Amino acid sequence: MLKPSNRAEAHLLEQLDLTRLPRNVAIIMDGNGRWAERRHLPRVAGHRAGVRTAREVIESSARLGIEALTLYAFSVENWRRPQAEVEFLMRLLREYLRKELPVIHKNNIRLLVIGRGSQLPAAVQKDLDDAMKLTGGNTGMKLVVALNYGGRAELVDAFNAILREKREAGAIADGVDEQSISAHLYTAGLPDPDLLVRTSGEMRVSNFLLWQIAYAEIYVTETLWPDFHRVKLLEALIEYQRRERRYGGLGPGAKAARHPSNAPVE
Ligand code: FPP
């Protein structure tokens, strides 16, 4: 249960219907660099502040009872940043795990990592593996951290995995369907995001969960990631609940026609 720590949070919590929360909230955490620049600080100070916000959002989401929180922490494109910044981000991730893992575990959160993990530095891989093993039996919120993640890379990996399996089974002529693609993504078994949040105002999906966000509600806020405190998370969830989700139809209550394009592909 989330306990409000001020009047603003209490007021927002009253408006939130805890029975209609998104199952999976995905977040593109953007704006650490700009946050630091505005304060005449080095970019890395923005990343440190970003970690503090991540901690707050993770804890708040778990307390609200959200099933999965998916955070875009490092993309396949982020290797193009200056080497010193990349190394700092990797160190920061290890530091975060060292400090926060006991809290994550205590809160019954299960850590999962998506992305091309084998290309991460060996020490980072080991810490992540240990963390996933430690929290593997936890039954609370799933914290899914996207690291060295790219949506197109994920689709390439999924299609190659499907082809490999079909080749081994001698079934190469068989087609694929949506279920089999979903089942070969890094996110297999997780609900698709119902809500995609992007901070710092950019109107892009930046190669994040391209397949999985097909029906997600998109919420873009001007707030820079380090300033995305609990109040901002609650505002995003309330806005999500205000929207009517139609999945391409007319919404609940409307009588659906059976169109050939809705039929499963043979
Ligand atoms: C974007 O800011 C943020 C990132 C590159 C990701 C790093 C995220 C964190 C440090 C948050 C911590 C997360 C976990 C799970 C520990 P930016 O540098 O792109 O900002 P800018 O667009 O203003 O330059």
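Owing to the predicted nature of the structure, the values given are computational and were not obtained by experimental measurement. Indexing begins at 1, ligand by ligand and atom by atom, following the structure's order. One is the number of the first residue; the rest follow in order along the sequence.
The protein heavy atom nearest to atom 9 (C) of ligand 1 is N32 ND2, 3.7 Å. The shortest contact between atom 7 (C) of ligand 1 and any protein heavy atom is with A73 O, 3.5 Å. Among all protein heavy atoms, the one lying closest to atom 1 (C) of ligand 1 is M29 O, 3.1 Å. Looking only at protein heavy atoms, the nearest one to atom 12 (C) of ligand 1 is V51 CG2, 3.7 Å. Annotation: atom 10 (C) of ligand 1 to nearest protein heavy atom, H47 O, 3.6 Å.
In terms of polar-atom proximity, defined here as any N/O pair under 3.5 Å, E85 makes no such contact with ligand 1. On a distance-only criterion, W225 and ligand 1 share no N/O pair closer than 3.5 Å. Looking at ligand 1, you'll find an N or O of G31 within less than 3.5 Å of one of its N or O atoms.
In terms of heavy atoms, Q119 sits closest to Q125 at N-NE2, 4.3 Å. Nearest heavy atoms, S200 versus D30: OG-OD2, 3.2 Å. Contact between L21 and Y240 at its shortest, heavy atoms only, is C-CE2, 4.3 Å.
By the 6.0 Å and 45° rule, R38 does not stack over the aromatic ring of W35.
The side chain of R81, and not its backbone, has at least one atom closer than 4.0 Å to an atom of ligand 1 (non-hydrogen atoms only; side chain from C-beta on). When heavy-atom distances to ligand 1 are checked against a 4.0 Å cut-off, R43 comes that close only through its side chain, counted from C-beta outward.
No heavy atom of R48 sits closer than 4.0 Å to any atom of ligand 1. For R55, the closest heavy-atom approach to ligand 1 does not fall below 4.0 Å.
Heavy-atom neighbours of R39 CZ from other residues, nucleotides or ligands within 6.0 Å: above the threshold of 12.
For the residues A54, S200, P226, the heavy atom positioned nearest atom 14 (C) of ligand 1 is part of A54.
Counting only heavy atoms from C-beta outward, the side chains of T70 and L196 never approach each other to under 4.5 Å.
A salt bridge is defined here as a Lys NZ or Arg NE, NH1 or NH2 lying under 4.0 Å from an Asp or Glu carboxylate O, and E59 with R55 fails to meet this definition.
Residue G33 has at least one heavy-atom neighbour below 4.0 Å for each of these atoms of ligand 1: 17 (P), 18 (O), 20 (O), 21 (P), 23 (O), 24 (O). Atom numbering of ligand 1 starts at 1 in the shown order; those under 4.0 Å from a heavy atom of R34 are 21 (P), 22 (O), 23 (O).
Checking each of F208, F74, W79 against Y149 for a ring pair (Phe, Tyr, Trp, His ring centres under 6.0 Å) leaves exactly one that passes, namely F208.
If you chain together hydrophobic residues whose side chains sit under 4.5 Å apart, M141 and L234 fall into the same group.
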Derivation of the side-chain hydrogen bond (donor to acceptor under 3.5 Å, both in side chains) call for S182 and W211: CA-CA 8 Å; S182 292; W211 175 273; 3.1 Å; yes
